[in-house]
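Note that these values count all heavy atoms, side chains included, but never hydrogens, waters or copies made by symmetry. Counting convention: from 1, in listed order, for ligands and their atoms alike.
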Amino acid sequence: MEIRAILFGIGVMGGEIARIISKKKRLKIVGAIDIAKDKVGKDLGEVLGLDKLGVLVTDDPDDLFSEVNGDIVVHATSSSLRQVYPQIARCVSAGMNVVSTCEELSYPYRKYPELANEIDALAKKNGVTVLGTGVNPGFLMDTLPIVLTGPCQAVSKIKVTRMMDAAKRRIPYQKKVGVGLAKEEFERMIGEKIITGHVGLFESIAMIAEAVGFELDVIKELPPEPVITASEVKTPYTTVKPGQVAGLKSMAYGIRGEEKVITLEFISYAGAKEEYDAISIEGIPNIRERIEGGVHGDIGTVAMIVNSIPKVVDAKPGLVTMKDIAVPSVMST
Ligand SMILES: NC(=O)c1ccc[n+]([C@@H]2O[C@H](COP(=O)([O-])OP(=O)(O)OC[C@H]3O[C@@H](n4cnc5c(N)ncnc54)[C@H](OP(=O)(O)O)[C@@H]3O)[C@@H](O)[C@H]2O)c1
């Protein structure tokens with residue numbers, strides 16, 4: 001059965017998702033929403049640099065939802081749940097399922113229990129499903145370690161490390177991890193929340209803890225530390241001079257009593273030579289998994305969103321997380 005998708009947010013991620021959707025036989029794009037002036041009123045194909053798709057980009061979701069019937073809204077506008085809440089609520093109220101890249105939607109029950117319950121209730125009332133996903137949060141630092149505990153009889157600790165070359169990532173990502181800033185500028189911009197660093201470690205820890213039954217006393221996220229480059233690095237976004245910030249390191253812990261039972265280590269800077277995603281589970285048995293080269297975050301996020309579409313459409317109504325829906329798998333046609 002064909003699934004009709006509406007894009008909400010056609011930035012770097014939404015645009016790439018749209019390109020992949022337009023190639024899938026099972027999926028059809030029937031609407032597109034964005035507020036950027038250079039996109040509104042244009043054919044989506046033209047915005048994406050493709051042939052015309054017969055879908056005009058609008059900045060008025062209510063108007064679109066009153067005219068076009070979609071099965072799912074594919075949402076990619078912001079990391080902040082407070083910001084995206086009204087957008088998600090509009091989609092759900094119009095009777096549409098939602099899959100979103102919003103990091104804070106991936107597991108909102110611990111940081112924003114009220115908003116999470118409101119989305120859940122609204123989705124159930126309208127008989128639709130809402131999921132926040134992506135590569136991280138959504139897969140590498142939560143779903144994958146959760147799945148790897150499947151063959152364990154017991155688990156006492158989980159550690160995940162993600163090491164990436166930020167120069168290979170999209171420009172909005174390079175900006176948010178501080179590529180090319182002076183150290184003081186990085187600290188000020190992080191302090192004033194002008195840049196966010198990576199968003200999602202808190203949500204990944206909360207999701208793992210819930211899935212494996214760790215009763216955490218606290219989730220502690222340390223402020224991101226700048227990684228300073230010793231040699232010049234060129235990226236498609238900027239040139240990072242020696243002594244400037246090439247990216248960051250973020251640490252977060254799920255703590256029970258005095259013990260760090262979950263540790264997430266996120267290191268991303270332009271010029272990183274060795275890239276990998278590693279998971280270490282202490283349990284019976286111990287499990288060590290390492291993806292050499294790592295998973296490219298932008299490619300992986302686009303895939304996670306597109307591959308989740310049929311699973312979200314088939315899922316039970318309500319706000320769901322990656323631990324609640326069918327295991328991730330590629331949608332090959
Ligand atoms: N979970 C994950 O693993 C994962 C991975 C990658 C990205 N993400 C997240 O996904 C989000 C999108 O990333 P991106 O790189 O594509 O960002 P982006 O290039 O900035 O794209 C966002 C798009 O949404 C538009 N927009 C903003 N507010 C809107 C609104 N109220 N209604 C309609 N359109 C709106 C923006 O327009 P303007 O430019 O005019 O504001 C822009 O075109 C970010 O929050 C990012 O952190 C998550």
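Between K260 and E265 there is no salt bridge, since none of the side-chain N atoms of the basic residue sits less than 4.0 Å from a carboxylate O of the acidic one. A salt bridge between E2 and R4 is absent, with no side-chain N of the basic residue lying under 4.0 Å from a carboxylate O of the acidic one. In this structure, E103 pairs ionically with K176, as a charged nitrogen and a carboxylate oxygen lie closer than 4.0 Å.
A heavy-atom cutoff of 4.0 Å around ligand 1 is satisfied by the protein residues F8, G9, I10, G11, V12, M13, D34, I35, A36, K39, A76, T77, S78, S79, Q87, T101, E103, T133, G134, V135, N136, P137, R170, P172, K176, T301.
Between Y173 and F266, the ring planes lie tilted relative to each other; the angle falls in the 30° to 60° range.
A donor-acceptor pair under 3.5 Å is formed between the side chain of K311 and the backbone N or O of V327.
By the 6.0 Å and 45° rule, R256 stacks over the aromatic ring of F214.
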